[in-house]
Amino acid sequence: MRRKPIVKSLLYVLSASAVISAGHVYVSHADGLDNGNNNNVNAATVNANNVNGINNLLGSQLTADNFISTISPVAQTIANNNNLYASTMVAQAALESGYGTSYLTQVGNNLFGIKSFDNTGVKLKTVEYNSNGQAYNTYAYFKSYNSIMDSLQGYATFLTVNSRYANVFKSQSKDGIEAAVNIQKDGYATDPSYASKLINLINTYNLTSLDGNTSSTNTTPSTNNSNNNNQTPAKPKKTLATATYTYGNALETFQLSSTFTNYNMYTHVKDTTQKNVTSKWPSHLKAGSNVYVDSSAVRTYKGSSTNWYRIKTSKNAKSYWVSGKAIDFPTINIRKDSGKIKLSHANKGLYSNVFNSPTLAKELGSSNSYKGKTFNVNEIATYNYHGKENVWYRIHIANLGNVWVNKDGITYTKAEKKKAVKKTTKKKVTKKKAKKVVKKKKTTAKKSTYSKASGHAYLNNYGKFSLYNHIPGTYKHVQKTSWAQVKVPKDYKVSVNLKGIRTEYHTTWYRIILNHKNYWISAKSLLFY
């Protein structure tokens, strides 16, 4: 591991001395609630044999020069056991504690600036930032830990019990860099440049190398020692589920189904991590109650796939994951159209899908940039939900592709049907011969072309694509089918019996067989071997 230059080390030590003499320390720590949970978790869950005997290390033994190399092994073990990225954990510890030289770390073994809400621990003057990015001073109590091991485990537990940090875990962040961005978005720190500081540390010390072991399994003591011959073998860990995630927006609301109480709420998608807290529904909710949904996931467990959604029971409530069966989705009718719309109002969103569809609607842009412009409509979607009729129009914008816009804030013009003009000129007819008037057949451009296909393909990232009864845009009544309504083969192998090219957009589609029924799906969702 790369060591810091000695000049920087001296600067950190001098800085620490200045802070201690001044009687306060700058901490850009987690300023959210910890729900009253005690984060001083027993660190015995981590095997001391794998952390080089530093499990009882005290903060007073850390220096700016030995910090990264000292805490990295134990941070890596704790991160793996809790489905977290060690790179983000070490970077936060370095930033929050000033490489272990902060007063809070030296006297309280608190690496992360985690607060205490019971007026115990270490009371310090700290710097926070308001919504305008302006710094201000305040006093707060911070947790005190017995060792650095306890502090690292306390950080992992803090993220686990606070559901708002769900997207920091490996199950939702693709790497430590994305986790660093997400933890700032979730409100861990009020410093507006917090994420960029973490990313700089990750890159400077190549901390992503700590994330190589991504398995979420606890380490077990070595059995090579003869004294361990009678040791009981470790119990095999439960096989974890996998999930692919899609993010929508925080404004979309859905109604709870009539059977929602049959399903629990979880801090993570069920079985995707060993650390998952189960919660019950608030008593005031009933079938038909509105909840906010901002993310979806296709969960794969033992060969079966199910849909899950991340919800909030109110705007300021915690986020939980629930089965798709707990939500009532409306039936959306989509038809082809050739009218025009004019974006007459600003601040209306342009979305990837229709609101309240199982695939969620991700905001792709605002109509601000297109106010007053006219676009051709290629599809219209209608449905009844929340007691009112909803109408959405799909238009094509050059730099965004196909987007959906709600009827509010637009002016719609229906396409006029061209009337045939009758000629009133008299036709000359002789007794010998009469001219035959030949009617020309109307020709229409083909919306799609088809060819025979046979064999098999394998579903790949299929949760990002929808199932249809026809290729979209080829028939008036095209219906979507949710993945929750079909049974996905355990080996993801499906039969293919027809290929189609949608001529308007030059996209390729295949007709596959699922549960003895035909469905059309984008070729991007299939792999052929």
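- Shown here for Leu207 and Ser87, the closest heavy-atom pair between the two residues is O-CB, 3.3 Å.
- Judged purely by atom type and a 3.5 angstrom limit, Tyr194 has no side-chain atom pairing as donor or acceptor with the backbone of Ala180.
- Under the 4.5 Å side-chain criterion, counting only non-hydrogen atoms from C-beta, Leu364 is not in contact with Trp404.
- You'll find the side chain of Leu152 reaches within 4.5 Å of the side chain of Met89, heavy atoms only.
- Here the straight-line distance linking atom CG of Asn82 with atom OG1 of Thr160 works out to 5.5 Å at 0.5 Å rounding.
- With contacts defined as side-chain heavy-atom distances shorter than 4.5 Å, the pair Leu84/Lys170 does not qualify.
- The OG1 atom of Thr208 sits 8.5 Å away from atom CG of Asp175, with the distance rounded to the nearest 0.5 Å.
- Between the side chains of Ser173 and Asn182, at least one donor N or O lies within less than 3.5 Å of an accepting N or O.
- What you find for Tyr263 and Trp281 is that their closest heavy atoms are O-NE1, 2.6 Å.
- To the nearest 0.5 angstrom, Asn378 atom CG is 13.0 Å from Tyr393 atom OH.
- Not a single donor-acceptor pair under 3.5 Å links the side chain of Ser289 to the backbone N or O of Leu256.
- A search for ring-ring contact (aromatic ring centres under 6.0 Å, His included) contacts involving Tyr475 returns His470, not counting sequence neighbours.
- Residues in residues 387-400 take part in these salt bridge (charged side-chain N to carboxylate O under 4.0 Å, His left out) pairs, two or more places apart or across chains: Glu379-Arg394.
- Under the 4.5 Å side-chain criterion, counting only non-hydrogen atoms from C-beta, Tyr505 is in contact with Asn402.
- A tilted orientation is assigned to the rings of Tyr383 and Tyr385, their planes being inclined by 30° to 60°.
- Ring-plane geometry between Tyr492 and Tyr462 is classed as tilted, the angle between the planes lying from 30 to 60 degrees on a 0 to 90 degree scale.
- Once rounded to the nearest 0.5 Å, the distance linking OG of Ser296 with CD1 of Ile311 reads 13.5 Å.
- With sequence neighbours left out, the side chain to side chain donor-acceptor pair (under 3.5 Å) criterion links Asp118 to Ser116, Thr120.
- Looking at every heavy atom in both residues, Thr272 comes nearest to Val269 through OG1-O, 2.6 Å.
- From Leu159, atom CG reaches atom CZ of Phe169 across 5.0 Å, with rounding to the nearest 0.5 Å.
- Two residues are said to be in side-chain contact when any heavy atoms from C-beta on lie closer than 4.5 Å; Gln92 and Tyr155 meet this criterion.
- No donor-acceptor contact under 3.5 angstrom links the side chains of Asn390 and Asn356, judged on distance only.
- Side-chain contact between Lys480 and Tyr468 is present, with heavy atoms from C-beta onward closer than 4.5 Å.
- Taking each heavy atom of Leu210 and Gln76 in turn, the nearest pair found is O-NE2, 2.8 Å.
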* Please lay out, stage by stage, how Ser314 and Asn316 fare under the test side chain to side chain donor-acceptor pair (under 3.5 Å). => CA-CA 6 Å; Ser314 66; Asn316 299 320; over 6 Å; no
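- For the residue pair Tyr165 and Gln172, no side-chain donor N or O sits within less than 3.5 Å of a side-chain acceptor on the partner.
- In this structure, the side chain of Asp211 does not engage the main chain of Tyr85 through any donor-acceptor pair within 3.5 Å.
- Few gaps surround NZ on Lys336; more than 12 heavy atoms of other groups in view lie less than 6.0 Å from it.
- Taking each heavy atom of Ser305 and Val298 in turn, the nearest pair found is CB-CG1, 4.2 Å.
- Proximity of a side-chain donor or acceptor of Ser151 to a complementary backbone N or O of Leu111 within less than 3.5 Å is detected.
- For Phe465, the ring-ring contact (aromatic ring centres under 6.0 Å, His included) criterion is met by no residue, not counting sequence neighbours.
- The structure places CZ of Phe355 at 8.5 Å from CZ of Phe254, a figure rounded to the nearest 0.5 Å.
- Proximity of Trp308 to Thr306: side-chain heavy atoms (C-beta onward) are separated by under 4.5 Å at one or more points.
- Residue pairs meeting the salt bridge (charged side-chain N to carboxylate O under 4.0 Å, His left out) criterion with at least one member in residues 285-299, sequence neighbours excluded: Asp271-Arg299, Asp294-Arg310.
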Show me the donor-acceptor pairs, under 3.5 Å and distance only, between side chains in residues 319-331 and residues at least two apart or in other chains.
{"unit_1": "Ser323", "atom_1": "OG", "unit_2": "Lys325", "atom_2": "N", "d": "3.2"}

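- The minimum heavy-atom distance between Ile114 and Tyr188, with the atom names listed, is CG1-OH, 4.1 Å.
- Side-chain contact between Ile199 and Val181 is present, with at least one heavy-atom pair separated by less than 4.5 Å.
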